[in-house]
Each structure stands twice: as structure tokens, then as C-alpha cells.
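This one's a predicted model, so the numbers in the text were calculated from it and none came from an experiment. Throughout, a chain's letter reflects where its sequence line sits, starting with A, and its residues are numbered from 1.
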Amino acid sequence: MGIVIRSLRNVIRNPLRTSLITIILTVSIGLALTMATVNGATRNQLASIGENIGTEIQVRPAGEFGMMGGGNSLDEAEVDKLSTITHVVSVQTSTQTMYTGDNLETAAPSGTVGALPYSSSGSTMVAPPSGLDNQRNFRMSIIVMGFDPSITNPTLMGNATLEIAEGRYFTTAESDANVAVFGQNLAEANNLTVGSTIDIEGTTVEVIGIFSTGQRFGDNMFVMPIGTFQRLFNITGVTSVTVTADDVSNVDGVVSAIREIFDANTADIITAQSTYEQIGGSVTNASKASQVGMLAAFGVAAVVILFSVALMVRQRVKEIGILKAIGASSWHIGIQFSIETLVMSLTASIIGALITFPLANSVAKLLSGSTSTVISGGARVGGFFGGGITRIAGINVAVSPEIFLYALATAIVLSIIASIIPAWYIGRVKPAEVFRYE
Amino acid sequence: MNNDNNVIVVNELVKRFKLGATIISAVDGVSFSLPKGQTVAIKGPSGCGKTTLLSLLGALDKPTSGSIIVDGIKISELHGGKEVQYRRQKVGFVFQSYYLILNLTAMENVMLPMDLLGIKRLDQKTKACQLLERVGISSKLHSRYPTRLSGGEQQRVAIARALANDPSVILADEPTGNLDSKTGNVIVNLLHSLSKEGRTLVIATHDAGIAAKSNIVIEMQDGKIANTSIQSDN
């Protein structure tokens with residue numbers, strides 16, 4: 001009968017002791033793993049927010065605000081320099097204007113929201129029809145945007161995402177071609193389909209695709225290659241640049257470098273730092289709380305395990321004395337007790353890992369306040385009013401194989417630590433004293 | 001008793017304990033020699049030092065001074081795990097409270113000392129069966145846990161375990177203390193039969209009946225030897 005078999009039998013033959021210790025270990029290890037899981041999830045979430053939101057920097061003509069302000073377009077040669085800045089991973093240029101031609105019918109529904117008291121002092125908004133009250137029957141104009149054809153997933157004004165419903169998007173070979181992709185509602189309002197042609201600023205333009213954004217505002221647009229846009233609307237430069245840094249921590253450095261290219265009189269630079277801090281605040285708090293909780297839980301788990309093992313060893317001091325009397329060495333007995341501890345810790349860790357998922361999810365929600373305070377990946381800043389957030393979701397806590405590895409690693413580490421107690425205690429047990437006081 | 005046949009030689013053995021501010025001499029200048037294959041009873045009242053002397057002979061404790069030689073090994077100077085080896089190979093213990101491992105069956109308890117010696121499992125089983133049969137434990141009790149055995153049966157299993165490593169010396173501390181007189185007699189006879197195989201049996205007892213059956217009786221009083229008698233008719 002080997003030492004391993006004897007150890008395993010000892011575990012099995014004392015179901016009450018084994019169950020009690022395993023339950024205690026399960027609770028403490030499960031709690032520690034829960035906090036570790038939540039901490040990992042919040043860290044990932046923060047990284048995701050940082051990656052999707054915090055790294056973007058908007059560069060716009062100074063004084064320009066959507067299409068309501070003034071300012072001069074940014075010089076393309078200067079814009080090209082942005083991509084050479086260290087830590088810049090992408091530069092997305094676009095330009096937009098309101099389409100004032102009378103051959104297209106706007107698809108936006110009429111209403112009073114957003115209507116301005118009309119005056120003729122330079123507003124670019126469409127004037128209310130003559131004879132009507134200024135506050136009624138306001139309709140948003142059609143927006144036309146120009147994009148670099150190399151950008152295949154452009155973000156439209158208002159954070160709308162362009163998804164081709166019919167036809168296709170323009171290619172890099174069509175950087176100056178007379179082609180356009182229309183929003184679905186706009187196309188329907190004007191009976192346009194893929195292959196249709198339409199006169200834009202005196203040039204015949206072919207509709208090569210129809211896109212859908214899922215919103216009326218987004219679908220009331222059409223997009224063109226930036227070269228075509230500039231030529232047809234006689235606009236030089238770009239009106240919006242989105243620079244993406246490789247990491248949130250490098251945003252400030254990139255902003256400084258951009259400022260060397262565009263001074264304050266030329267461009268406004270808007271970072272997502274405050275947005276990131278605002279959005280990530282609750283997640284950061286949850287992350288900090290879970291980190292403290294994790295450390296505390298691991299500490300408690302370690303204390304509980306050490307205490308349980310110490311108690312178990314003390315209760316079995318007579319057995320240790322007997323084993324020593326019949327010729328077992330302290331090392332031999334220590335190994336036996338360590339195996340028993342390891343088996344119980346492993347069992348507790350696996351059970352702990354299994355209960356971690358539902359517990360971790362609940363704790364994550366509790367720590368983050370509510371799911372609506374957290375922004376998921378994919379949200380973008382910029383857009384029409386420079387900072388819209390579109391998609392909101394909760395912290396995503398999932399039990400992955402890593403959790404089980406955590407569990408096993410935790411069990412092994414804690415068992416090794418816990419096995420120091422039997423090893424130390426067994427070495428001190430003197431059989432003669434044990435028998436004398438029994 | 002001094003001759004080459006002596007398996008145990010004890011010389012000026014002293015063991016003192018500190019109890020608070022008081023120092024107690026449990027064994028105080030004890031000297032004796034015991035020949036091989038004899039039954040020796042260490043007799044005396046409770047607290048006279050019998051159990052301490054047995055612990056010193058079994059290397060369960062270290063003497064304060066003096067020397068003990070068992071089977072040619074100076075055990076009073078053993079250290080660094082050598083005393084473990086000594087207990088594993090040379091000595092078999094029988095205790096008043098049996099001290100069987102409760103998580104192991106009768107058979108497994110007997111196999112345990114052989115396991116520590118690295119004997120093959122099959123050989124362990126065969127020998128354990130033989131030893132259990134020899135001490136009167138039937139095969140149907142082999143797989144029973146100690147808690148399901150009577151006191152007499154547990155002590156028989158303990159004797160079988162003491163024999164498992166084929167020791168030259170068996171140290172028994174009040175082996176009948178927890179048994180009724182009838183069962184006690186059976187156990188004493190069983191122990192005495194072991195000395196006929198050439199083993200030296202040292203029994204600590206305050207039972208005059210056990211002492212009467214021994215070859216040598218050492219009477220202790222306050223940690224010292226009060227009297228030694230050799231009973232040639234046993």
C-alpha cells in the first residue's frame with residue numbers, strides 16, 4: 001500500500017472531515033476566484049473601452065461644429081503628416097457638407113425638433129417654407145460625405161455605421177470616379193436603385209450601392225470618394241480627421257504632436273480622454289474594488305486553508321505519533337498529509353471554479369452599479385456633435401479555461417503553502433510526549 | 001547478566017523532564033543488561049519511570065545522559081533520521097491503548113511497517129495474513145477497521161503489527177491494561193511465546209501476574225532500579 005493510496009484512502013474514509021474541510025475551502029477558494037474573475041473581466045473591459053474609445057482623437061477645423069460652424073478645411077498635405085506621428089495607428093479623413101441641390105428629396109421626417117428661429121444671417125439650415133411659423137415643419141437637409149476609399153468601414157456622421165444593403169462600396173481605384181453610395185431611405189425617397197444615375201452639381205453620378213444604417217438620420221445621406229466630393233463641391237482639404245493612437249496612455253503625446261502640425265487657430269483637437277474617464281469610471285471603480293476584494297479573498301482563503309490544515313494535523317497528532325513509533329519518518333508523514341491537503345484543495349478549487357461563474361456575474365453587476373453605466377466595445381466618439389455613445393452593455397464575465405487554470409494554480413500554490421504546516425508540525429511531534437499525554 | 005549474548009545494554013541512563021520550575025528525574029541512573037530471547041518485566045507503580053524507560057529503549061525519546069545499546073546499535077547517540085531507521089528495523093511496539101491507525105483495516109495496519117521497509121505489496125499481504133492468523137485473528141476480521149474489533153482483537157492486531165518488521169526487540173507498555181483478565185492472560189501468553197523465537201520482550205507492567213511469567217523482573221521505584229530478579233523456572 002503506497003503512500004499515495006494511503007493518503008487517498010484517508011481522504012475517502014473520513015467523509016465528514018473531508019466534506020467539512022472541502023466546503024470551507026470551496027467557499028474561500030470560490031470567493032477568491034470570483035474576485036479574480038471579476039477583476040480580470042473589468043480589466044479587459046477597461047482595455048476594450050480604452051481601445052475603442054479612449055484612443056481616438058478628432059481633429060476638426062478651428063471653430064467648426066458639425067456643419068453649423070465655420071472654419072477652413074484642413075490642408076491635405078498637413079493631414080498626411082499625421083500618419084507619421086509615433087503611436088498613431090490610423091488616420092481616417094472625411095469631409096461633409098449639406099446637399100443644397102433641389103433634385104433630391106430629403107428622407108428625414110419633418111417636425112419641430114432642432115428648428116432654429118429663422119433669420120437670414122448666414123445659417124446653413126434650410127429655411128422654413130414661406131408663410132409658416134419658424135418653429136414648425138423643420139426638415140433636416142441631406143448630408144453628403146466624402147471618404148478615403150481605402151477606409152472600408154467608415155463611421156458616418158452621428159456615429160452611424162455604414163452597412164451595404166445592395167450593390168457595393170467604392171474601391172481605391174475609384175478615388176475620383178463619379179460614383180456614390182446612397183442611404184436606403186434617401187434612395188427610396190428619390191426612386192434610386194443600384195445603377196441609377198443622378199445629377200450632382202452638374203455631373204452625372206452613378207449609384208453603385210445602397211447602404212443602411214438602421215436610422216433615419218443616417219440613411220438621409222450619400223457618400224462619395226473624397227476626391228470626387230472635393231471636385232464636385234469645390235472643397236479643398238478635409239473637414240474631419242480621426243486619428244487613432246495605439247494606446248490610451250499615448251493619446252496625450254499624439255495630441256502634442258498633432259498640435260505641432262495644426263496650431264490652435266487652425267484646428268480644434270478633441271480627445272476622448274474625458275469621455276473615456278467618464279465611461280470607464282464605474283468600471284475603474286469596479287476594477288479597483290474587485291482588486292482589493294481579490295487580494296482580501298486570497299488572503300482569507302490562505303488563512304482558512306492554513307487554519308483548516310493546522311486543525312486537521314493537530315487532531316491527528318496521535319496518528320502522527322503512532323506512525324513515527326512504527327518507523328515512519330517526518331518526511332514520509334509530511335508527504336502523506338500534503339497529498340491529503342492537495343486532494344482536498346484541488347477538489348475544492350474545481351467546485352469553486354464551477355460556482356464562480358454565476359457568482360462572478362452577480363458580483364460584477366453589483367460592483368459596476370448597473371449594466372447601463374458601462375460602455376461596450378465598438379462605441380465611437382466624434383460624429384455630428386463630437387461625442388456620441390451608441391451602444392451600452394454590461395461587464396462581460398465569462399468562465400474560460402483560464403479560470404480553471406487559475407483554480408488549479410491557486411489550489412496547488414495554497415496546498416504547497418498549507419503543506420508547510422504539517423511538515424513543520426510533524427517534525428516537532430515527539431511520539432513519547434504524544435503517548436505520555438494521551 | 002553481562003555477557004556477549006546481551007541484546008540490550010543500558011548504562012547510567014538518566015532522563016529528566018522540566019515541569020515548570022521543577023526538574024523531574026523520570027529515569028535516574030539506571031543500568032542493566034538483557035540477554036537475547038528473554039522476557040523482561042519492568043515492574044513498579046505508576047510514575048516510577050517504566051514508560052519513560054521503554055520510550056528510551058525504543059528511541060522514541062532521547063536520554064539526558066547515559067547510554068543504551070540495542071542489538072549492537074548505540075541508540076542514545078542516534079540522530080539525523082537514524083533513530084527512525086532503528087525503529088523501523090529493530091523494534092516492535094505494543095501499547096496499552098493499542099494505537100492502531102483507525103483509517104486502516106486490521107490487515108493494512110499490519111502491512112504498514114512492511115510498507116515503510118519497502119517490501120512488495122504482495123509479500124506484505126502474505127506475511128500480514130500469516131501474522132494475523134498466528135495471533136488468532138481470523139480471516140473474516142482482516143478487513144475490519146479497528147473500531148469494529150474488540151479490545152482483545154485490537155491488541156492481537158497490534159502484536160501482529162509489532163512483529164511485521166521482524167524485530168529483535170519487542171517493547172510492550174502495559175499491554176493488558178485495557179483488557180479483562182481472561183483476555184489479558186491470552187495476550188500475555190501470546191507475548192511470552194514470542195521470546196521463544198529468540199526475540200527479547202520487554203514488558204512494562206504493574207501486574208504481578210505478568211511479572212511472574214517473565215525470566216527477568218526489574219523493579220523500579222522513583223526512576224531507579226529497586227530490585228532485579230532472575231526467575232530461572234520460566
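- Among Gln89(B), Arg161(B), Gln85(B), the residue with the largest count of heavy-atom pairs under 4.5 Å with chain A is Arg161(B).
- Between chain A and the residues Val84(B), Leu56(B), Asn103(B), the most heavy-atom pairs under 4.5 angstrom are made by Asn103(B).
- There is no contact between Leu117(B) and chain A, counting heavy-atom distances below 4.5 Å.
- For chain B, the option among Ala328(A), Pro431(A), Ala325(A) with the highest count of heavy-atom pairs below 4.5 Å is Ala325(A).
- Judged by distance alone, with hydrogens and angles left aside, the side-chain atoms of Gln96(B) form no donor-acceptor pair with the main-chain N or O of Pro175(B) at under 3.5 Å.
- For a residue to count as touching a neighbouring chain, one of its non-hydrogen atoms must lie under 4.5 Å from one of that chain's; by this rule Ile322(A) touches chain B with the side chain only.
- When all heavy atoms are compared, the tightest approach of Met114(B) to Ala164(B) is CG-O, 3.5 Å.
- Under a 4.0 Å N-O distance rule, the pair Asp28(B)/Lys15(B) does not qualify as a salt bridge.
- Between Phe95(B) and Phe435(A), the angle of the ring planes lies from 30° to 60°, which puts this pair in the tilted group.
- The two residues Gly44(B) and Lys50(B) make their nearest non-hydrogen contact at O-NZ, 2.8 Å.
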